[in-house]
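Keep in mind the model is a prediction, meaning the values are calculated, not measured. Below, chain A is the first sequence line, B the second, and so on; all start at residue 1.
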Number of protein chains: 2
Amino acid sequence: MPSNRTHTWQEIHERIRGNILNRTWNPGDLIPGEAQLAEQFGCARTTVNRAMRELATAGVIDRKRKAGTRVSVQRTRRVTAEIPVIRSQVEAQGMEYNFIVQKKQLRVPNSATKQAMRLGAQQKALHIRSIHLANAVPFILEDRWVNTHTIPQILEIDFSETSVNEWLVEHVPFTNGEFVVEAVSSSKQVAQALDISCGDSILSSDRSTWLDDKSVTLVKLYYVPGHQMVFTI
Amino acid sequence: MPSNRTHTWQEIHERIRGNILNRTWNPGDLIPGEAQLAEQFGCARTTVNRAMRELATAGVIDRKRKAGTRVSVQRTRRVTAEIPVIRSQVEAQGMEYNFIVQKKQLRVPNSATKQAMRLGAQQKALHIRSIHLANAVPFILEDRWVNTHTIPQILEIDFSETSVNEWLVEHVPFTNGEFVVEAVSSSKQVAQALDISCGDSILSSDRSTWLDDKSVTLVKLYYVPGHQMVFTI
DNA sequence: ATTCTGATTATGTATGCACATAATGTCAAC
DNA sequence: GTTGACATTATGTGCATACATAATCAGAAT
């Protein structure tokens, strides 16, 4: 037997969204107030409020106190994607994952990196370059800097079993970060590491993560040609 | 005078997040139950619930009925970006926006496109190719298919003033979609349109949007070399 | 040992109410 | 006409309570 509750917030969410999609209310239109909708749907204002709140965070409607709620006009498309740990990404495709650490040294980075990580002129950081393999074939080249002032314990870790990537995800939290994607032409060095032709068009991503105002790590990934990043709208 | 309310859900949100970041609770750890936290913070369970719900949708914690709440172990990085209307993107950089419509014809698309839009063998669709300019310099090449069965009214529109892009955003809602990014080597045709060298590495994005199970539009954008897409984590 | 059943428990959500807060409109004072 | 005080209003949030639901566990039946 179904619940005797009149409506769930999700139903209201759907009905409001439906009214928007059916053009009952057009972009820019003022939607009836919460109290009014609550009466119309036969439920509490709280319930309508929750449904509306979710719609607002999804960018479907714009809300302002006193002014009321209106259907968003410029619905900028918000795309999202889950960036998985590389191991999962490989194993999800039924391939065997491996990695090789090419370099690992504590040194003073170049000025661009120093600036990006807000390091002092003579401060060193841990530089790690590794290749991620799928079924023994190069898949991603990783060039990483780790701020040893923020994460001093990383110097003690042996990275022959776990990749830096995985260790950091497991052990180091971060508060915010940035992820930049661009297309580059593979340099000789990158081409050799990934076993591709020099000049091939490949995706590269730069990720920087922060623990409050302290930089944690700066990673540049070079993907093999043809790699796609999928986002949902 | 401050409110005599004990705590806002945002404060609780922050305190819980803080406890996670400070490693008071480690990844995988079980967090005290809602009732317990409510007592500890001196507020209603509803308030704790809301804070926890937000943390859960942000991917910081995992919740399961009866099992309890634990700090997420595999914190897959969820990145998001707002993809603006191209005009805004250009004007945000203080440049003048213009566009040129190169082609516009109703015809039967190739099989890949037909499949992607779930069109019948002989069904036609509107094909529009346009160039977006920033300060009169080519910025993005757009290759678009519009499903005229879903959006028949588009055939009546004059696209000399507004771009297809903008018209669709304004007038056509969609329920879901996909956004794929990859790096490609510019073909002769693309290079000529964007006024770049053939073979340059450029970003290309494919966006498909749907109104329930009916395809709305399929757009391929070719960006100018060096273009970056920025996401926040 | 295995399966089934029911109790227990943590999260999920609806409701009525009260009050907070921002934006807006109104109206009087100047 | 401009300014400023005040009422009004729609959204925002907190609380106590009640009940729903999924997962789990313990113990009984087989």
Spacing between [X] atom [atom1] and [N] atom [atom2], to the nearest angstrom:
{"X": "A:E34", "N": "C:dT15", "atom1": "CD", "atom2": "C1'", "answer": "14 Å"}
{"X": "A:N49", "N": "D:dG14", "atom1": "CG", "atom2": "C1'", "answer": "12 Å"}
{"X": "B:R70", "N": "D:dA23", "atom1": "CZ", "atom2": "C1'", "answer": "13 Å"}
{"X": "A:R53", "N": "C:dA14", "atom1": "CZ", "atom2": "P", "answer": "11 Å"}
{"X": "B:L37", "N": "C:dA10", "atom1": "CG", "atom2": "C1'", "answer": "12 Å"}
{"X": "A:D62", "N": "C:dA23", "atom1": "CG", "atom2": "P", "answer": "14 Å"}

Check: protein-nucleotides 7-9 of chain D nitrogen or oxygen pairs below 3.5 Å:
residue, atom, partner, partner atom, Å
D:dT9, O4', A:K66, NZ, 3.3

Partner set under ring pair (Phe, Tyr, Trp, His ring centres under 6.0 Å) for B:H227, not counting sequence neighbours: B:F139, B:Y223
Here's a test of your reading of the structure: between B:R63 and A:K64, which maps to the more 5' nucleotide of DNA chain C? B:R63
Within 45° cone of B:W25 ring axis and under 6.0 Å: B:R70 NZ or CZ: no
Reckon A:T8 has a side-chain N or O less than 4.0 Å from the OP1 or OP2 of C:dT13? no
Within less than 4.0 Å of OP1 or OP2 of D:dT13, is there a side-chain N or O belonging to B:T47? no
When you check the gap from the basic side-chain N to the acidic O, do A:K220 and A:D206 get nearer than 4.0 Å? yes
Taking the minimum atom-to-atom distance to the side chain of [X], which one of [options] wins?
{"X": "B:A44", "options": "C:dT15, D:dT13, D:dC15", "answer": "D:dC15"}
{"X": "B:M52", "options": "C:dA14, D:dT13, C:dT11", "answer": "C:dT11"}
{"X": "A:Q10", "options": "C:dT13, D:dT13, D:dG14", "answer": "C:dT13"}
{"X": "B:R50", "options": "C:dA14, D:dT13, C:dG12", "answer": "D:dT13"}

Taking salt bridge (Lys or Arg N to Asp or Glu O under 4.0 Å) as the definition, give me every residue that meets it alongside B:E96, ordered by chain and number, with sequence neighbours left out. none
Report yes if a donor N or O on one partner sits less than 3.5 Å from an acceptor N or O on the other, where the partners are the side chain of B:R45 and the base of C:dT13; otherwise report no. yes
Extract all donor-acceptor atom pairs below 3.5 Å that involve side chains of residues 26-34 of chain A and protein atoms in other chains or at least two apart in sequence.
residue, atom, partner, partner atom, Å
A:D29, OD2, A:N26, N, 2.9
A:E34, OE1, A:R45, NH1, 2.5
A:E34, OE1, A:N49, ND2, 3.4
A:E34, OE2, A:N49, ND2, 2.8
A:E34, OE2, A:R63, NH1, 3.2
A:E34, OE2, A:R63, NH2, 2.8

Only counting residues at least two apart or in another chain, list the ones meeting side-chain hydrogen bond (donor to acceptor under 3.5 Å, both in side chains) with B:K114. none
Residues that A:N19 engages under side-chain hydrogen bond (donor to acceptor under 3.5 Å, both in side chains), provided they are two or more places apart: A:T24
Over all strands shown, is B:T46 touching base, sugar-phosphate only, or nothing at heavy-atom distances under 4.0 angstrom? base
